[in-house]
Amino acid sequence: MHIREVTSSTNALLKIFRRALADGVTREGWLAVEGPRSVEEALKARGSGSEVTIHSVLVSRSGAERFKSMLARLAHEAEIAQVADRLFQNAAQTQTPQGIAALVELPQPDLQEILAHRDSLLLVACGLQDPGNLGAIMRSAEALGATALVTLRETVSPFNPKTIRSCAGSVFRLPVFPGQDPGALFERLRATGVTIVATDRHSASKLVQADLRGSLALLVGNEASGLAEEIAGEASLRLSIPIRLGTDSVNVAAATAIFLYETARQRDFRY
């Protein structure tokens, strides 16, 4: 295991990490993750046969010994750079940096291949703005059997640093299709026989009354305003969660988890 010592704040690799940790991705589209949990999840994904590739790791001087066993599990071709704690803190985005970060290339999934699966379940985020909510939704999507996450334009990036920190590693295991054009997506879904379901708190049709088996795309909307009418209008089903009289709604991440759970229940939890 070769660890390169970086001492200058103007070092090219350090600049790449600084920019990528702020933006979420590099110019090549590699995901920037920070903290031992995220790096560990990337290692576990690679170890389970995923095509996740860890290209570079940045470690603080104090973290190099602490994360020695983790670094030893990296592929031989992975680049490891060590910097002074001060330089790492300047590059990090978290309030309390833990001394390790990585640039990770995710596999490129094929949406058509996913749509060809029997009983596929796509979760489509339409206009969500809070990265923490999207991260929580990704976590529920993976746990409750979603086949993939799709985000439409005007939705917070699934690779936003806050999204990545809150998704508990789901980004390494759940296929993600960011920034999709809604018109092209809905046309594709209908062409492949996917039932489009909209979450709609005002609908008289209740979630538990619907048949959620078969290939399905579940649309979830903006935290404050829900789904835009032009998006909800693409759905063949608009469903609500029965909630206590006098309450307005539940958080979008909670609502999504309820929809996903009911879908999984109807499918006998076969993931």
Q: Measure the shortest side-chain to side-chain distance between Asn160 and Leu134 over non-hydrogen atoms and say whether it is less than 4.5 angstrom.
A: no
Q) Are side-chain heavy atoms of Ile114 and Phe177 found at a separation under 4.5 Å? A) yes
Q: State, without any angle test, whether Ser8 and Thr10 hold a side-chain donor-acceptor pair at a distance under 3.5 Å.
A: yes
Q. Shared ILVMFWY cluster between Ile137 and Val171, side chains joined below 4.5 angstrom?
A. yes
(Q) Main chain of Asp130, side chain of Glu223: is a donor-acceptor contact present, judged purely on distance under 3.5 Å? (A) yes
Q) Counting distance only, does the side-chain N/O of Gln82 pair as donor-acceptor with the main-chain N or O of Ile80 below 3.5 Å? A) no
Q. Got Glu234 and Val124 here, is their nearest side-chain heavy-atom distance under 4.5 Å?
A. no
List, one per line, each side-chain donor-acceptor pair under 3.5 Å for residues 145-152, sequence neighbours excluded.
from: Thr147; atom 1: OG1; to: Leu121; atom 2: N; distance (Å): 2.7
from: Thr147; atom 1: OG1; to: Leu121; atom 2: O; distance (Å): 3.4
from: Thr151; atom 1: OG1; to: Gly179; atom 2: N; distance (Å): 3.0

Q) Can you tell me if Ser203 uses its side chain to pair, donor with acceptor, with the backbone of Asp200 under 3.5 Å? A) no
Q) Is the NZ atom of Lys68 crowded by more than 12 outside heavy atoms at less than 6.0 Å? A) no
I'd like a table of donor-acceptor pairs (distance under 3.5 Å, sequence neighbours excluded) in which one partner is a side-chain atom from residues 23-30, with atom names and distances.
from: Thr26; atom 1: OG1; to: Glu28; atom 2: N; distance (Å): 3.2
from: Thr26; atom 1: OG1; to: Glu28; atom 2: OE1; distance (Å): 2.9
from: Thr26; atom 1: OG1; to: Gly29; atom 2: N; distance (Å): 3.4
from: Thr26; atom 1: OG1; to: Trp30; atom 2: N; distance (Å): 3.1

**Q.** Side-chain donor or acceptor of Ser48 paired with backbone N/O of Ala45 under 3.5 Å
**A.** yes
Q. So with a 6.0 Å cut-off around CD of Glu51, is the heavy-atom count from everything else above 12?
A. no
Q.
Val83 and side chain to side chain contact (heavy atoms under 4.5 Å, CB included): which single residue from Asn90, Leu13, Val59, Leu58 fits?
A. Leu58
Q) Is any side-chain N of the basic residue among Lys44 and Glu41 closer than 4.0 Å to the acidic one's carboxylate O? A) yes
Q: Show your reasoning for whether salt bridge (charged side-chain N to carboxylate O under 4.0 Å, His left out) applies to Glu105 and Arg46.
A: CA-CA 11 Å; Glu105 183 176 4; Arg46 180 176 174 81; over 6 Å; no
